Every structure is written in structure tokens, then in C-alpha cells.
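Heads up, the thing below is written out as C-alpha cells.
All values below were derived from every heavy atom in this structure, side-chain atoms included, with hydrogens, water molecules and symmetry-related copies excluded. Keep in mind the model is a prediction, meaning the values are calculated, not measured.
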Amino acid sequence: PLAIIGLNTDGDVITWNAAAEKLFGWTAREVLGRPLPIVPEDQWEASVAMRDRAMKGEVFEALELTRRRKDGAIVEVSLSTAPVRDALGRIAAIMAIIEDRTETKRAQRQLAFQAMVLDQIQDMVTVTDFEGVITYVNHAEEHRLGRPREALVGRHVSIYGDDPEQGASQAEIVRCTREHGVWRGEVVNITSDGTPIVLDCRTQLIRDEQGRPVAMCGIGTDITERK
């Protein structure tokens, strides 16, 4: 549920729904008729300036802000506002709709960190869907194959090429990973200039928190020089 907060022209709270209570910790009885308590001290001036602009009719949509809970914890929110007009068309209040984005932002930071780590390891990493369509490659994959990420994502792993006489086919790897959950063996990839490289490849299903398979991941170590 979205938190809904209304402010009158003096900046006092006139609407505070149950979702606002849950998100910020103050009850309606504690905040109604009083200044908005959720703004961190270092953001108060900016908040007042934004409120004044909203009172003049400006509409804000999906602003990414930080706000304060009753216990002092900072939450990341998305805030949208709209003016409320009286019978004469004058702005009498502003209504704010607030979405808690804390967990979403935390997840985005975690994903960004994981991508950064994957881009700094030397092994080649590919993530695909269950049909073998590429959804992610790391920097080592781009560099070793001589193909940019944009040329790989959205394509089937068959773009990597193979040589069944020297290793597994791409179709075999996809099928075995999907059916058995893991696979390991050698596979030949072809770089952008036509050079074959031999990889020690390990694949497995990626599962979500409920244990349901959601993707396939392959990690390849270049062993060409050992051959």
C-alpha cells in the first residue's frame, strides 16, 4: 500500500493514512495538525521549497528522496504530489503519495556490486534463460571473444560457435544443464576474428530464494594454451 499524506497551506498534516503509519511509525493522532515529521533536518529547507512550489500548482512525479522514520531510520522513497483545489479553484492543500523504495534500492545496489565483481574476475561468465538466450556476459567474456556485450545479449549461445569434435556442442550444454542442473566439460568458442579457443566450462541452474530455477549460468576458463 502507498502512503498518502496531505498538507494544508501552512504545511501541517491533514491526511495520514494507515500505510503512512506503517511506513514512518507515527500514528495519525501524533501527526495530524502538526508539521510533517518525516523530513531529515539536513533536507528541511529543500523540502519547504518544494512544498512552496507544489502550493503554487507544480506537480512532482516519482521523486527519489530519503525520509526519516519515527525510530530515526532513513528510508528511501519515491514521492509524487498533486494540488487539491477548493470550490473556487484555489489550491487549499497538497496530496503526496509515497512509495517505500528502500528494499528495491538495496537490491539494485547489491546487483550493481555483483556485476562489478563479475566484471573484474578473469573467467568468462555467461547467464542465459532456459532456451540458451544470453541475458548477461561479464567483461572477460567480451574481451576474450572480441565482441561487445550489446552484440551478445539477446542472442542464442550458438553465437559462441562450437566444435563437437573437440568438445561439447552449445545445444548439448543447454540441454544437459536444463535437465540435470549442472554440467562440466570442454567446449570450443570462436572469437570475432575466427580464432577457436578451448574452455573448461562449468554450468549450473540458478535458483531463487524459493529454490525455483530462474536462469542458467556458465563459467569458462580458457585452457587453449594447455592443448
Side-chain angles (χ1 to χ4, degrees), residues 1-118 127-130 133 135-136 153-154 205-217:
L2 298 175
I4 299 176
I5 299 173
L7 301 178
N8 63 17
T9 54
D10 294 323
D12 294 330
V13 179
I14 57 174
T15 302
W16 185 268
N17 73 345
E21 291 189 10
K22 183 177 180 180
L23 175 56
F24 295 110
W26 285 278
T27 65
R29 179 176 295 181
E30 291 176 299
V31 298
L32 289 177
R34 297 174 180 170
L36 190 64
I38 66 173
V39 181
E41 290 185 9
D42 62 347
Q43 297 182 43
W44 183 253
E45 289 186 8
S47 177
V48 170
M50 185 174 69
R51 184 193 71 203
D52 290 344
R53 289 163 60 189
M55 288 294 182
K56 295 177 181 178
E58 188 169 347
V59 174
F60 296 95
E61 295 184 5
L63 290 181
E64 299 288 335
L65 302 169
T66 56
R67 289 295 182 254
R68 181 175 64 93
R69 288 175 46 86
K70 184 178 181 180
D71 62 9
I74 297 297
V75 292
E76 296 181 80
V77 302
S78 173
L79 179 144
S80 300
T81 69
V84 178
R85 300 180 183 274
D86 61 19
L88 299 177
R90 299 172 300 193
I91 295 176
I94 55 173
M95 198 65 64
I97 298 175
I98 300 175
E99 177 186 5
D100 185 1
R101 300 273 293 168
T102 305
E103 290 303 318
T104 300
K105 289 292 187 179
R106 183 178 293 119
Q108 290 173 344
R109 287 191 292 268
Q110 180 66 19
L111 287 173
F113 174 76
Q114 291 171 350
M116 179 183 68
V117 171
L118 288 172
V127 179
T128 75
D129 65 12
F130 298 125
V133 175
T135 58
Y136 170 82
V153 172
L205 289 176
I206 302 300
R207 301 180 183 274
D208 64 15
E209 294 178 353
Q210 286 72 45
R212 297 172 299 198
V214 294
M216 298 189 293
C217 178

- Item | For Leu205 against Phe130, the heavy-atom pair lying closest together | CD2-CE2, 4.0 Å

- Task: Mark yes or no for whether Thr81, through its side chain, and Phe60, through its backbone, hold a donor-acceptor pair below 3.5 Å.
- Result: yes

- Item | Ile94 CD1 to Leu7 CG distance, which is reported to the nearest 0.5 Å | 4.5 Å

- Query: Under 6.0 Å from the CD atom of Gln210, do we count more than 12 heavy atoms belonging to anything else shown?
  - Reply: yes

- Task: Flag the pair Arg68 / Ile74 as yes when at least one side-chain heavy-atom distance between them is below 4.5 Å, and no otherwise.
- Result: yes

- Approximate separation, where rounding is to 0.5 Å, of Leu65 CG and Ile38 CD1: 9.0 Å

- Query: Can you find a heavy atom in the side chain of Ile5 that is under 4.5 Å from one in the side chain of Met95?
  - Reply: no

- Validation row: Glu99, Thr104 side chains within 4.5 angstrom (heavy atoms): no

- Message: For Asp86 versus Leu88, what's the shortest heavy-atom pair and its separation?
- Response: OD1-N, 2.9 Å

Taking only distance into account, with no hydrogens and no angle test, what donor-acceptor pairs under 3.5 Å do side-chain atoms of residues 12-19 form with protein atoms, sequence neighbours excluded?
| residue | atom | partner | partner atom | Å |
| --- | --- | --- | --- | --- |
| Trp16 | NE1 | Trp26 | O | 2.9 |
| Asn17 | OD1 | Ile4 | N | 3.0 |
| Asn17 | OD1 | Ala19 | N | 3.4 |
| Asn17 | OD1 | Ala20 | N | 2.9 |
| Asn17 | ND2 | Leu2 | O | 3.1 |

- Ignoring hydrogens and geometry, is there a side-chain-to-backbone donor-acceptor pair from Thr102 to Val75 under 3.5 Å? no

- Note on the structure: d(Glu58 CD, Ile91 CD1) to nearest 0.5 Å is 10.5 Å

- Item | Enclosure of Glu61 CD (heavy-atom neighbours >12, cutoff 6.0 Å) | no

- Item | Nearest-0.5 Å distance that lies between atom CG in Asp100 and atom CZ in Phe24 | 8.0 Å

- Query: How far does CG of Leu118 sit from OH of Tyr136, to the nearest 0.5 angstrom?
  - Reply: 4.5 Å

- Once you round to the nearest 0.5 Å, how far does CD1 of Ile206 lie from OG1 of Thr128? 9.5 Å

- Can you tell me which residue pairs pass the salt bridge (Lys or Arg N to Asp or Glu O under 4.0 Å) test with a partner in residues 26-52, sequence neighbours excluded? Glu30-Lys70

